[in-house]
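Structure, as structure tokens:
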Amino acid sequence: MLMHRQPAALSALLVMAVGSWRGGRAEVTKRDPVDLSAQPITVNGMGPLRMGMSRQAAERAIGARIPDGPGGPECRDLAVEGGPQNLSLRFSNDDRLVAISVLSSTPDSLATASGVRVGSTREDVLATYGDEVTSRQDGGPEELVFAPRPAKFHGRVITFFMNDEGTVGSFMAGERYFTDPLPCGSD
């Protein structure tokens with residue numbers, strides 16, 4: 001008698017896992033893509049995107065394709081199909097999300113969880129992140145690096161690339177090694 005209940009229980013589990021059961025086969029429920037322009041960016045990710053997830057897991061999490069593209073010896077910068085203009089996801093060559101880039105001329109809604117965005121002033125960044133910000137300047141524009149100290153952030157950072165007007169021109173969040181403004185593979 002218990003054997004007769006197993007197929008029904010298995011069907012119920014399949015329906016919960018994939019969405020629906022029709023005509024003896026499971027159907028995956030397609031969901032609307034996540035509006036990434038409305039998601040705050042942190043050192044750990046953006047909305048449902050989390051540092052360390054694979055490209056396939058990221059596609060499932062946001063309900064949109066992330067087409068493959070060219071890259072360098074260590075990583076590649078990819079755009080989300082239908083996603084915000086000038087938002088780039090950086091994947092390492094071992095297929096881990098390692099950084100999120102917000103380039104100049106982006107929608108105003110793309111911002112950190114604390115509200116810093118392209119166009120914010122140097123003073124905005126310093127006032128927002130305080131003594132967890134360091135400045136570096138290697139012959140080019142200034143970079144302000146927010147490196148939160150608590151262990152839960154795993155040494156990840158947000159690097160703000162300042163422009164000549166003293167405002168944020170672009171920024172990258174993620175693993176420190178991969179938050180470099182140069183495209184993957186460039187020196």
Side-chain angles (χ1 to χ4, degrees), residues 30-72 74-121 124-130 132-134 143-163 167-184:
K30 183 157 173 65
R31 57 189 209 101
D32 290 334
V34 172
D35 179 7
L36 289 176
S37 67
Q39 303 299 316
I41 298 164
T42 71
V43 295
N44 289 325
M46 177 185 197
L49 295 172
R50 292 286 163 248
M51 294 300 156
M53 69 183 357
S54 69
R55 184 165 54 101
Q56 185 177 31
E59 287 177 329
R60 281 193 310 266
I62 61 175
R65 288 190 63 240
I66 305 169
D68 203 7
E74 297 184 34
C75 57
R76 59 200 182 286
D77 292 322
L78 306 175
V80 175
E81 199 170 83
Q85 184 179 8
N86 293 327
L87 174 72
S88 178
L89 305 180
R90 182 168 281 185
F91 287 88
S92 62
N93 284 344
D94 65 353
D95 196 39
R96 294 178 306 110
L97 178 62
V98 292
I100 296 170
S101 303
V102 176
L103 307 174
S104 60
S105 304
T106 60
D108 196 42
S109 60
L110 290 177
T112 68
S114 299
V116 176
R117 61 184 31 85
V118 169
S120 293
T121 66
D124 293 336
V125 175
L126 296 174
T128 301
Y129 298 111
E132 292 181 305
V133 173
T134 56
E143 297 174 10
L144 298 176
V145 181
F146 165 58
R149 292 185 190 96
K152 70 180 180 178
F153 298 115
H154 308 285
R156 296 180 181 126
V157 300
I158 301 177
T159 302
F160 299 95
F161 304 100
M162 307 307 290
N163 59 29
T167 62
V168 174
S170 62
F171 64 94
M172 294 182 79
E175 295 180 17
R176 184 182 292 268
Y177 179 78
F178 289 100
T179 58
D180 186 295
L182 296 175
C184 294

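Predicted, not measured: the structure shown is a model, and the values here were computed from it.
The minimum heavy-atom distance between V43 and V157, with the atom names listed, is CG1-C, 3.6 Å. Taking every heavy atom of both residues into account, E132 and P150 meet most closely at OE2-CD, 4.0 Å. Contact detail for G72 and N93: the closest heavy-atom pair is O-ND2, 3.0 Å. Shown here for M162 and V168, the closest heavy-atom pair between the two residues is CE-N, 3.7 Å. Of all non-hydrogen atoms in A64 and E81, the two that sit nearest each other are CB-O, 3.9 Å. Closest of all the heavy-atom pairs between F178 and R96 is CE1-NH2, 4.3 Å.
Partner of R90 under the side-chain contact (heavy atoms from CB on, under 4.5 Å) criterion, out of E175, R76, M172: M172 alone.
Rounding to the nearest 0.5 Å gives a distance of 12.0 Å between CZ of F161 and OG of S104. Atom CD of E143 sits about 7.5 Å away from atom CG of D180, to the nearest 0.5 Å. The distance from the CG atom of L144 to the CZ atom of F171 is 13.0 Å, given to the nearest 0.5 Å. Note: L126 CG to T121 OG1 = 8.5 Å, rounded to the nearest 0.5 Å. Distance check: S109 OG to R117 CZ gives 7.5 Å after rounding to the nearest 0.5 Å. Distance check, rounded to the nearest 0.5 Å: CG of L110 to CE of M46 gives 5.0 Å.
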Exercise. Take R55 and D68 through the side chain to side chain contact (heavy atoms under 4.5 Å, CB included) test and state the conclusion after the steps.
Key: CA-CA 9 Å; R55 184 165 54 101; D68 203 7; 3.8 Å; yes
| request: Using the side chain to side chain contact (heavy atoms under 4.5 Å, CB included) rule, take N44 and K152 through it: C-alpha gap first, then chi angles, then the decisive distance, then the call. | output: CA-CA 9 Å; N44 289 325; K152 70 180 180 178; 5.6 Å; no
For this session: Test S92 against D94 for side chain to side chain donor-acceptor pair (under 3.5 Å), laying out the working first.
Result: CA-CA 5 Å; S92 62; D94 65 353; 2.2 Å; yes
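S101 places no side-chain N or O within 3.5 Å of a backbone atom of L103 that could act as its donor or acceptor partner. With Q39 contributing its side chain and P48 its backbone, the two residues share no donor-acceptor pair below 3.5 Å.
With contacts defined as side-chain heavy-atom distances shorter than 4.5 Å, the pair T42/R156 does not qualify. Considering only heavy atoms from C-beta on, D95 stays 4.5 Å or farther from Q56 through its side chain. Here the side chains of L87 and V102 are in contact, with some heavy-atom distance below 4.5 Å. Counting heavy atoms from C-beta outward, M51 and I100 have side chains that approach closer than 4.5 Å. Between V116 and F146 the shortest side-chain heavy-atom distance does not fall below 4.5 Å. Annotation: side chain of D124 is not in contact with side chain of F160 (no heavy-atom distance under 4.5 Å).
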